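Have a look at the structure below, then the notes.
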Amino acid sequence: FQPGCPPRNTALFFHKECRMIVDHISHWRRYGFGPDWETFMTRLEDYGRNPASVEDGTHPLPGSFINVTSLTSRLRAACRYEYHRRFCDVHMVLEGKEWLFNAPALGLTPDGDFDTQKDLGFFSPAPAEITRVTLAPGMFALIFPWEAHLPAIAPDDAAAPLRKCVGKIPLDSLQLS
(Lines give C-alpha, C1' and ligand atoms only; values in the text may rest on other atoms or scores of the structure.)
Protein backbone atom coordinates (compact mmCIF):
# COMPACT_ATOMS: atom_id res chain seq x y z
CA PHE A 1 0.00 0.00 0.00
CA GLN A 2 1.47 3.30 -1.11
CA PRO A 3 0.33 6.60 0.43
CA GLY A 4 -2.36 8.03 -1.78
CA CYS A 5 -3.26 4.72 -3.41
CA PRO A 6 -6.42 2.85 -2.41
CA PRO A 7 -6.11 -0.80 -1.38
CA ARG A 8 -6.84 -3.26 -4.16
CA ASN A 9 -10.27 -4.19 -2.76
CA THR A 10 -11.48 -0.57 -2.78
CA ALA A 11 -13.66 0.57 -5.66
CA LEU A 12 -11.66 3.00 -7.81
CA PHE A 13 -14.76 5.18 -8.02
CA PHE A 14 -14.11 6.21 -4.43
CA HIS A 15 -10.45 6.97 -5.07
CA LYS A 16 -11.05 9.05 -8.16
CA GLU A 17 -14.36 10.71 -7.31
CA CYS A 18 -14.89 10.60 -3.56
CA ARG A 19 -12.98 12.63 -1.06
CA MET A 20 -13.71 13.45 2.50
CA ILE A 21 -17.42 13.38 3.34
CA VAL A 22 -18.65 16.23 5.53
CA ASP A 23 -22.23 16.27 6.79
CA HIS A 24 -24.41 16.72 9.84
CA ILE A 25 -24.49 13.67 12.12
CA SER A 26 -28.26 13.37 11.62
CA HIS A 27 -27.62 12.58 7.93
CA TRP A 28 -25.18 9.68 8.35
CA ARG A 29 -27.77 7.16 7.09
CA ARG A 30 -27.43 8.66 3.59
CA TYR A 31 -24.17 6.73 3.29
CA GLY A 32 -25.01 3.03 3.15
CA PHE A 33 -21.59 1.67 4.04
CA GLY A 34 -22.89 -1.45 5.77
CA PRO A 35 -23.53 -2.81 9.28
CA ASP A 36 -20.15 -1.80 10.81
CA TRP A 37 -20.77 1.78 9.65
CA GLU A 38 -24.26 1.66 11.17
CA THR A 39 -22.96 0.48 14.56
CA PHE A 40 -20.18 3.05 14.57
CA MET A 41 -22.29 6.02 13.48
CA THR A 42 -25.19 5.15 15.81
CA ARG A 43 -22.77 5.46 18.73
CA LEU A 44 -21.31 8.70 17.36
CA GLU A 45 -24.80 10.14 16.90
CA ASP A 46 -25.61 9.25 20.53
CA TYR A 47 -22.50 11.14 21.66
CA GLY A 48 -23.57 14.15 19.64
CA ARG A 49 -27.03 14.21 21.23
CA ASN A 50 -25.71 14.48 24.77
CA PRO A 51 -22.00 15.37 24.76
CA ALA A 52 -21.92 16.28 28.47
CA SER A 53 -22.65 12.65 29.37
CA VAL A 54 -19.71 11.30 27.34
CA GLU A 55 -16.43 10.84 29.20
CA ASP A 56 -13.10 11.63 27.59
CA GLY A 57 -11.14 8.50 26.69
CA THR A 58 -11.24 5.57 24.31
CA HIS A 59 -14.63 3.97 23.68
CA PRO A 60 -14.21 0.56 22.01
CA LEU A 61 -16.64 -0.84 19.46
CA PRO A 62 -16.47 -4.17 17.61
CA GLY A 63 -13.53 -3.72 15.21
CA SER A 64 -13.30 0.04 15.75
CA PHE A 65 -13.14 2.70 18.45
CA ILE A 66 -13.92 6.33 19.21
CA ASN A 67 -11.56 8.60 21.13
CA VAL A 68 -13.21 11.51 22.93
CA THR A 69 -10.79 14.24 23.90
CA SER A 70 -10.70 17.78 25.24
CA LEU A 71 -7.86 19.87 23.85
CA THR A 72 -6.86 23.30 22.63
CA SER A 73 -7.09 23.76 18.88
CA ARG A 74 -3.68 23.87 17.19
CA LEU A 75 -1.91 26.47 15.10
CA ARG A 76 -1.62 25.31 11.50
CA ALA A 77 2.02 26.32 11.06
CA ALA A 78 3.11 23.92 13.81
CA CYS A 79 1.41 20.81 12.36
CA ARG A 80 2.09 18.13 9.76
CA TYR A 81 -0.47 16.43 7.53
CA GLU A 82 -1.19 12.86 8.59
CA TYR A 83 -2.38 9.75 6.79
CA HIS A 84 -3.47 6.21 7.57
CA ARG A 85 -3.40 2.88 5.76
CA ARG A 86 -5.97 0.65 7.47
CA PHE A 87 -8.41 3.01 9.15
CA CYS A 88 -10.72 5.76 8.04
CA ASP A 89 -10.99 8.66 10.44
CA VAL A 90 -14.33 10.07 11.51
CA HIS A 91 -14.03 13.46 13.23
CA MET A 92 -16.95 15.09 15.04
CA VAL A 93 -16.84 18.22 17.19
CA LEU A 94 -18.76 18.14 20.47
CA GLU A 95 -17.84 21.63 21.74
CA GLY A 96 -16.03 24.49 20.03
CA LYS A 97 -15.04 24.47 16.37
CA GLU A 98 -12.08 23.49 14.25
CA TRP A 99 -10.72 23.83 10.78
CA LEU A 100 -9.98 20.52 9.09
CA PHE A 101 -7.70 20.54 6.06
CA ASN A 102 -7.73 17.69 3.55
CA ALA A 103 -5.91 16.80 0.32
CA PRO A 104 -5.25 13.75 -1.85
CA ALA A 105 -2.15 11.95 -0.60
CA LEU A 106 -1.10 10.81 -4.07
CA GLY A 107 2.30 12.29 -4.91
CA LEU A 108 3.08 13.55 -1.40
CA THR A 109 6.35 12.59 0.29
CA PRO A 110 6.15 10.76 3.64
CA ASP A 111 8.02 12.48 6.45
CA GLY A 112 9.60 9.75 8.57
CA ASP A 113 8.63 6.13 9.07
CA PHE A 114 5.02 4.96 9.07
CA ASP A 115 3.95 3.66 12.51
CA THR A 116 2.04 0.47 11.67
CA GLN A 117 0.94 -0.07 15.29
CA LYS A 118 -0.73 3.37 15.42
CA ASP A 119 -1.64 3.29 11.70
CA LEU A 120 -0.14 6.76 11.39
CA GLY A 121 2.25 8.53 9.07
CA PHE A 122 3.00 12.14 8.22
CA PHE A 123 3.70 14.20 5.13
CA SER A 124 5.95 17.20 4.74
CA PRO A 125 5.79 19.68 3.12
CA ALA A 126 2.09 20.52 3.08
CA PRO A 127 0.16 19.68 -0.10
CA ALA A 128 -0.28 22.45 -2.66
CA GLU A 129 -4.02 21.89 -3.18
CA ILE A 130 -6.20 21.58 -0.12
CA THR A 131 -9.79 21.65 1.01
CA ARG A 132 -10.65 23.39 4.27
CA VAL A 133 -13.87 22.83 6.18
CA THR A 134 -15.10 24.20 9.48
CA LEU A 135 -16.45 21.56 11.84
CA ALA A 136 -18.85 22.79 14.51
CA PRO A 137 -20.91 20.71 16.97
CA GLY A 138 -22.94 18.05 15.18
CA MET A 139 -20.84 18.02 12.00
CA PHE A 140 -18.78 14.97 11.08
CA ALA A 141 -16.07 14.32 8.52
CA LEU A 142 -15.21 10.88 7.13
CA ILE A 143 -11.63 10.80 5.87
CA PHE A 144 -10.34 7.94 3.73
CA PRO A 145 -6.80 6.48 3.95
CA TRP A 146 -5.88 7.89 0.53
CA GLU A 147 -6.26 11.42 1.92
CA ALA A 148 -3.83 13.59 3.84
CA HIS A 149 -5.50 15.57 6.59
CA LEU A 150 -4.74 18.16 9.23
CA PRO A 151 -7.33 18.14 12.05
CA ALA A 152 -8.02 20.29 15.13
CA ILE A 153 -6.69 23.49 13.59
CA ALA A 154 -7.59 26.80 15.26
CA PRO A 155 -9.83 28.89 13.00
CA ASP A 156 -8.13 32.19 12.15
CA ASP A 157 -5.10 31.14 14.27
CA ALA A 158 -7.09 31.79 17.45
CA ALA A 159 -6.43 28.71 19.61
CA ALA A 160 -9.47 27.82 21.72
CA PRO A 161 -10.91 24.93 23.74
CA LEU A 162 -12.14 22.06 21.59
CA ARG A 163 -13.88 18.83 22.55
CA LYS A 164 -14.22 16.25 19.85
CA CYS A 165 -14.56 12.63 18.84
CA VAL A 166 -12.04 10.98 16.55
CA GLY A 167 -13.21 7.56 15.51
CA LYS A 168 -11.28 4.88 13.68
CA ILE A 169 -13.12 2.42 11.47
CA PRO A 170 -11.30 -0.09 9.24
CA LEU A 171 -11.58 0.73 5.57
CA ASP A 172 -12.15 -2.94 4.74
CA SER A 173 -15.22 -3.00 7.02
CA LEU A 174 -17.00 -0.40 4.90
CA GLN A 175 -19.09 -1.53 1.93
CA LEU A 176 -17.96 1.05 -0.61
CA SER A 177 -19.07 -0.49 -3.88
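Being a predicted model, the structure only gives us computed values, none of them experimental.
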Open item on the list: Can you classify the ring geometry of Trp37 versus Phe40 as parallel (below 30°), tilted (30 to 60°) or perpendicular (above 60°)?
Closed with: parallel
Task: Parallel, tilted or perpendicular, as decided by the 30° and 60° cut-offs, for the rings of Phe114 and Tyr83 - done: tilted
Main-chain N/O of [Y] paired with [X] side-chain donor or acceptor, under 3.5 Å:
X	Y	answer
Arg19	Asn102	yes
Asp56	Ser70	yes
Glu147	Met20	yes

Task: Closest non-hydrogen atom pair, Lys168 against Ser64 - done: O-CB, 2.9 Å
Open item on the list: Quick check: is Leu61 connected to Met92 through a chain of hydrophobic side chains (ILVMFWY, heavy atoms under 4.5 Å apart)?
Closed with: yes
TODO: Mind jotting down which residue pairs meet the salt bridge (charged side-chain N to carboxylate O under 4.0 Å, His left out) criterion with at least one end in residues 117-129? Sequence neighbours excluded, please.
DONE: none
TODO: Using side chain to side chain donor-acceptor pair (under 3.5 Å) as the criterion, list what pairs up with Asp36, not counting sequence neighbours.
DONE: none
Task: Partner set under side chain to side chain donor-acceptor pair (under 3.5 Å) for Asp157, not counting sequence neighbours - done: none
Task: Beyond-backbone contact of Glu98 with Pro151, side-chain heavy atoms, under 4.5 angstrom - done: yes
Open item on the list: Can you confirm whether Arg76 sits close enough to Trp99 that some side-chain heavy atom of one is under 4.5 Å from a side-chain heavy atom of the other?
Closed with: no
- [ ] Please determine if Asp46 and Arg49 form a salt bridge, counting it only when a charged side-chain N lies under 4.0 Å from a carboxylate O.
- [x] yes
Task: Reported CG-to-CD1 distance for the pair Leu100 and Ile143, which is rounded to 0.5 angstrom - done: 4.5 Å
